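In what follows, chains carry the letters A, B, and so on, assigned in the order in which the sequence lines appear, proteins first and then strands, with residues in each chain numbered from 1. Keep in mind that this is a model prediction, so the values were computed, not measured.
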2 protein chains.
Amino acid sequence: MPTLNEVARRAGVTAATVSNVLRNRGRVGEETRQRVLEAVAALDYRPHLTARALAEGRAPTLALMVSSIANPFYPEFALAVERAARESGHFVIICNTNEDPLAGRAILQQIAGTLSEGVLVMNANLDFDDLHTTQANGTPVVLCMWERPDDPPGLPCVAVDFRLAGKLAGQHLIELGHTRIGAIVGSKSMGIHASRYDGFADAMREAGLDIVTTNTIHAPDTVQGGYAATFELLARDAGITAIFATNDLPALGAIDAAADMGRSVPHDLSIVGITDILLAQQWRPPLTTVAVPTVEAAGLAVALLREMIEEPQRAADRSNRRWRLLAASEPHLVVRGSTACCLRR
Amino acid sequence: MPTLNEVARRAGVTAATVSNVLRNRGRVGEETRQRVLEAVAALDYRPHLTARALAEGRAPTLALMVSSIANPFYPEFALAVERAARESGHFVIICNTNEDPLAGRAILQQIAGTLSEGVLVMNANLDFDDLHTTQANGTPVVLCMWERPDDPPGLPCVAVDFRLAGKLAGQHLIELGHTRIGAIVGSKSMGIHASRYDGFADAMREAGLDIVTTNTIHAPDTVQGGYAATFELLARDAGITAIFATNDLPALGAIDAAADMGRSVPHDLSIVGITDILLAQQWRPPLTTVAVPTVEAAGLAVALLREMIEEPQRAADRSNRRWRLLAASEPHLVVRGSTACCLRR
DNA sequence: GTGAAAGCGCTAACAC
DNA sequence: GTGTTAGCGCTTTCAC
């Protein structure tokens with residue numbers, strides 16, 4: 001691969017000049033400009049991203065920390081992140097933490113500031129102290145989907161009102177006449193699903209309904225998790241007519257479980273989730289869910305990160321306010337085939 | 001972030017020595033060693049991956065080119081790639097080409113050799129000339145799942161016998177007594193599904209069955225694609241009792257389509273796919289499919305890439321043989337709920 | 001307008 | 001064993 005110097009030699013100029021024309025730094029004679037451009041083309045020169053980053057005092061990538069890219073939600077988000085990142089010329093490194101805070105720390109320590117210029121954190125069960133440390137060490141960190149706007153994390157983040165999402169899901173079920181509702185709550189890495197459940201509880205309370213705590217169950221955030229949880233739930237209380245899940249994947253599992261138990265969805269059992277992943281509309285029956293602005297959040301997260309990287313002046317403000325919060329648009333209900341009026345009265 | 005020099009100063013030695021102890025280069029006095037280690041710990045020093053790569057004449061990452069990480073197959077593969085890559089200390093950059101050869105070329109030109117030290121190519125609809133060029137420019141390229149062992153691409157690759165996969169799928173259907181079989185063939189980016197279909201044709205031929213070409217249809221490699229294709233297929237020939245799809249996603253769509261047309265799967269229509277993605281077992285009914293060694297292929301691909309990076313002597317051999325081929329284990333049939341005996345005779 | 005020189009953080013000969 | 005020196009490929013300040 002040709003270097004700047006080789007291009008310079010061929011064009012009869014010096015590396016500095018080539019650099020200047022390549023970055024449109026102006027103050028370059030039109031004629032030299034042409035010669036340089038020709039040399040670049042002739043040699044098929046391409047800037048060495050690693051060297052450039054080093055010279056600029058930057059790191060050449062952005063890191064996206066997720067628990068596992070194999071979780072069907074993340075790829076949709078990762079795709080949006082990559083698109084946004086590419087617009088600012090960044091490549092993105094996907095880091096699977098596998099929900100292990102220690103693994104997460106190890107990765108963070110290796111790449112933060114040395115390979116990645118900024119870190120995007122999608123629910124990856126990271127230690128908050130670790131995140132604060134990397135932030136303090138000068139590598140911007142953005143939490144991609146903060147769930148509790150009322151409880152800021154002390155780190156820059158994009159907030160999504162998941163409490164509202166939970167409430168919308170609950171209200172939908174209640175409006176359909178359901179009163180005995182089971183809840184499947186995601187395992188609480190970073191306590192992340194608490195606010196969703198709080199929103200659900202809000203809806204119940206406002207409707208004057210009791211929350212039967214035994215009808216609430218924690219489960220892994222997977223199809224299988226929801227599947228097993230549904231069996232458990234209906235074993236505890238066969239009178240349940242609807243299930244609220246804090247995430248789509250378990251909701252999908254609940255649909256399967258109902259079918260396997262001989263309960264037809266939505267007529268014998270209504271099911272609602274949160275997020276609206278691609279799979280939700282492809283399931284049978286398609287899942288009623290509360291859609292969350294995933295792509296928008298990805299764009300905002302990258303924008304926030306870029307701003308922190310490019311305008312370190314604001315770092316000063318930040319050190320006062322400690323964090324910035326960008327709010328994404330609000331969740332909204334998407335009614336599909338997994339919910340219906342309660343027949344039992 | 002502290003640098004090598006700062007650590008050196010604190011330990012009262014020079015940067016070279018610190019480097020030596022950090023990389024266990026030996027020939028360092030035990031006592032100095034301790035002092036250095038203390039300084040490293042005290043300063044919380046971490047090597048600058050970008051600088052290190054530059055000094056070593058390497059690039060700090062591996063690139064994984066996929067058409068879109070949002071396709072449910074890729075994340076499973078990407079996860080396996082990342083695990084394998086991390087073992088050799090590499091981070092991986094996910095590059096979504098969006099099936100656009102020009103976008104793919106642009107990415108390749110930017111990162112090959114400058115940010116990524118090797119390139120893994122999963123079906124991304126890249127221009128082969130571009131791949132040969134990057135390979136020739138000194139950046140190793142590995143094709144992750146080459147479909148036609150009999151038709152080597154002139155590039156190092158991990159081969160999976162997809163022709164056999166297609167044959168196994170066909171044989172399964174035939175053994176169940178099906179004779180009028182529709183085929184949904186993925187859109188032919190890189191001609192990638194041709195061998196799968198060839199395998200299916202092999203099975204048909206060996207069984208003395210005719211292939212009705214109008215019962216073969218091309219469709220995008222998605223659930224929706226398979227859904228629409230199934231309607232089209234049954235409109236053309238209502239007598240079809242089974243469908244072979246060259247990929248799981250369209251097969252899943254076929255299941256949905258059958259349900260929406262009032263045909264029960266598997267009794268009115270049997271459906272088989274290829275790959276065995278996670279979703280296959282979660283669908284209703286669960287998909288019968290031919291499993292392909294995804295994780296193994298990922299491991300082999302990374303291993304091959306590493307070898308090419310680390311032992312450039314072999315590059316010489318390579319220039320003779322032009323490419324190397326690693327074969328993954330063979331595909332095998334996984335019978336689930338989407339296939340049954342043909343009732344119509 | 002263009003070049004010379006220093007430096008980003010690190011590694012790798014080689015000398016002592 | 002440890003230090004010195006040069007250099008990876010690039011950017012940037014500052015002379016000229």
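Distance alone, capped at 3.5 Å, places no donor-acceptor pair between the A:T97 side chain and the A:G104 backbone.
Listed by chain and number, the residues in a side chain to side chain contact (heavy atoms under 4.5 Å, CB included) with A:E296 are A:P293, A:L300, A:A328, A:S329 (sequence neighbours excluded). Under the rule for a salt bridge (charged side-chain N to carboxylate O under 4.0 Å, His left out), the partners of A:R46 that lie at least two apart in sequence or sit in another chain are A:D44. Remark: A:E30 engages A:R33 in a salt bridge (charged side-chain N to carboxylate O under 4.0 Å, His left out) (not counting sequence neighbours). With sequence neighbours excluded, the residues forming a salt bridge (charged side-chain N to carboxylate O under 4.0 Å, His left out) with B:R306 are B:E310, listed by chain and number. Listed by chain and number, the residues in a side chain to side chain donor-acceptor pair (under 3.5 Å) with B:R86 amount to none (sequence neighbours excluded). With sequence neighbours excluded, the residues that form a side chain to side chain contact (heavy atoms under 4.5 Å, CB included) with A:T134 are A:L108, A:A112, A:V141.
Rounded to the nearest Å, the gap between the P atom of C:dA6 and that of D:dT5 is 15 Å.
Using a 4.0 Å cutoff on non-hydrogen atoms, the parts of residues 5-19 of chain B near DNA chain C are B:A16, B:S19, ordered by number. For the segment residues 50-59 of chain A, residues with any heavy atom less than 4.0 angstrom from an atom of DNA chain D are, sorted by number, A:A51, A:R52, A:A55, A:E56.
Residues A:F128 and A:L155 have side chains in contact (heavy-atom distance under 4.5 Å, counting atoms from C-beta outward). Contact check for A:E82 versus B:I94: no side-chain heavy atoms found under the 4.5 Å cut-off. In this structure, the side chains of B:N123 and B:Y74 come closer than 4.5 Å at one or more pairs of heavy atoms. Residues A:P156 and A:Q135 form a side-chain contact, since some pair of their non-hydrogen atoms from C-beta on lies under 4.5 Å apart.
Straight-line distance from the CG atom of A:L4 to the P atom of D:dG7: 17 Å, rounded to whole Å. Distance CZ (A:R23) to P (D:dT13): 12 Å, rounded to an integer number of Å. Between the CG atom of A:L49 and the C1' atom of D:dC10 there is a distance of 11 Å, rounded to whole Å. Taking atom CG of B:L115 as the reference point, atom C1' of D:dC8 lies 16 Å away to the nearest angstrom. Between the CZ atom of B:R35 and the C1' atom of D:dT2 there is a distance of 11 Å, given to the nearest Å. The separation between A:R25 atom CZ and D:dC14 atom P is 14 Å, rounded to whole Å. Here D:dG1 presents its C1' atom at 15 Å from CG of B:N24, a figure rounded to the nearest Å.
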query = Can you give the dot-bracket line for DNA chain C, using ( ) for pairs inside the strand, [ ] for pairs that cross earlier ones, | for pairs with another strand and . for unpaired bases, where Watson-Crick and G-U count if both distances are under 3.5 Å?
reply = |||||||||||.||||
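Within 4.0 Å of B:T114, counting heavy atoms only, lies no atom of the nucleic acid at all.
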Could you list the donor-acceptor pairs under 3.5 angstrom formed by side chains in residues 53-64 of chain A, with sequence neighbours left out?
residue	atom	partner	partner atom	Å
A:E56	OE1	A:R58	NE	2.9
A:E56	OE2	A:R23	NH1	3.3
A:E56	OE2	A:R23	NH2	2.8
A:R58	NH1	A:E117	OE1	2.7
A:R58	NH1	A:E117	OE2	2.9
A:T61	OG1	A:L115	O	2.7
A:T61	OG1	A:S116	OG	2.9

Below 3.5 Å, can you tabulate the donor-acceptor pairs from side chains in residues 1-17 of chain A to any protein atom, sequence neighbours excluded?
residue	atom	partner	partner atom	Å
A:T3	OG1	A:N5	N	3.3
A:T3	OG1	A:E6	N	3.4
A:E6	OE1	A:T3	N	3.2

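The two residues A:L79 and B:A70 come nearest to each other via the heavy atoms CD2-CB, 3.8 Å.
Bounding nucleotides for the chain B contact on DNA chain C, 5' to 3', at a heavy-atom distance below 4.0 Å, are C:dG9 to C:dA12.
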